[in-house]
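Single-structure report; data block below.
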Amino acid sequence: MSLEAIKNVTLVEEEIRARKVAVETEARRLIADAERNGLALLQQVRADAAENSRAMLKQAEENAAAQAEKIAEAAKADSLALQEQAEKRLHEAAEFIVGRVVKN
């Protein structure tokens with residue numbers, strides 16, 4: 001092999017090594033970027049999930065409070081109706097008792 005061919009082979013080998021180093025460096029950079037972007041995305045997803053969870057909990061609490069208020073109003077209305085019925089019957093009961101006492 002001539003000296004010129006050996007120089008060409010050596011030069012090609014050097015270029016291949018340099019390209020290999022550059023490709024490996026780029027691959028490491030791409031992997032690091034992907035990991036960094038993946039972690040950032042994971043953190044964002046977790047933050048969004050936490051925010052959604054808080055919003056859903058707040059909505060559920062508001063719904064529960066509204067439902068409790070409706071139930072309390074219905075119970076109050078029922079209580080007033082029962083109280084009115086009791087008051088009406090109290091007068092009838094008193095008249096009945098008085099009538100029985102007077103007759104005996």
Side-chain angles (χ1 to χ4, degrees):
M1 203 184 247
S2 71
L3 186 57
E4 188 63 33
I6 293 174
K7 285 183 182 179
N8 283 341
V9 169
T10 304
L11 190 61
V12 169
E13 287 176 345
E14 296 264 336
E15 286 178 11
I16 290 173
R17 279 190 211 107
R19 286 182 186 170
K20 183 178 177 184
V21 168
V23 167
E24 288 173 348
T25 302
E26 180 66 11
R28 282 192 292 274
R29 186 188 66 77
L30 289 173
I31 290 170
D33 288 348
E35 287 177 349
R36 185 174 41 256
N37 291 340
L39 288 175
L41 181 59
L42 179 61
Q43 289 175 343
Q44 184 62 44
V45 167
R46 285 180 177 165
D48 291 346
E51 181 61 31
N52 288 341
S53 176
R54 282 190 291 274
M56 289 173 64
L57 180 59
K58 181 179 178 185
Q59 184 64 42
E61 288 173 345
E62 290 171 358
N63 291 345
Q67 189 67 18
E69 187 174 329
K70 287 179 184 177
I71 291 170
E73 288 174 6
K76 185 175 181 180
D78 289 346
S79 173
L80 289 175
L82 289 173
Q83 185 178 1
E84 287 176 10
Q85 287 178 354
E87 287 174 0
K88 288 178 185 177
R89 290 192 170 191
L90 178 64
H91 183 68
E92 291 172 6
E95 287 180 3
F96 177 75
I97 292 171
V98 168
R100 300 257 347 229
V101 169
V102 171
K103 286 183 183 178
N104 287 332

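These numbers were taken from a predicted model, which means no experiment stands behind them. Along the sequence shown, the residues carry numbers beginning at 1.
- In this structure, T25 contributes its side chain and V21 its backbone to a donor-acceptor pair below 3.5 Å.
- Note that the CZ atom of R28 and the CG atom of L30 stand 11.5 Å from one another [nearest 0.5 Å].
- To the nearest 0.5 Å, atom CG of residue L82 and atom CD of residue E87 are 11.5 Å apart.
- With hydrogens and angles ignored, the 3.5 Å screen pairs no side-chain donor or acceptor of S53 with any backbone N or O of A49.
- In this structure, the side-chain hydrogen bond (donor to acceptor under 3.5 Å, both in side chains) partners of Q59, at least two apart in sequence or on a different chain, are N63.
- With rounding to the nearest 0.5 angstrom, the CD1 atom of I71 is 11.5 Å from the CG atom of D78.
- To the nearest 0.5 Å, atoms CG (L90) and CD (Q83) are separated by 11.0 Å.
- A donor-acceptor pair shorter than 3.5 Å can be found between the side chains of H91 and E95.
- Comment: R29 engages E26 in a salt bridge, judged by a side-chain N to carboxylate O separation of less than 4.0 angstrom.
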Exercise for the section: For side chain to side chain contact (heavy atoms under 4.5 Å, CB included), just list the numbers for E14 and R17, CA-CA rounded to whole Å, side-chain angles, deciding distance to a tenth of an Å, and then say yes or no. Expected result: CA-CA 5 Å; E14 296 264 336; R17 279 190 211 107; 3.7 Å; yes
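- Note: I6 CD1 to L11 CG = 13.5 Å, rounded to the nearest 0.5 Å.
- The pair E51-R54 meets the salt-bridge criterion, since a charged nitrogen lies less than 4.0 angstrom from a carboxylate oxygen.
- K88 NZ to Q85 CD: the interatomic distance, rounded to the nearest 0.5 Å, is 7.5 Å.
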Exercise for the section: May I have the step-by-step check of side chain to side chain contact (heavy atoms under 4.5 Å, CB included) for R19 and I16, ending in yes or no? Expected result: CA-CA 5 Å; R19 286 182 186 170; I16 290 173; 5.7 Å; no
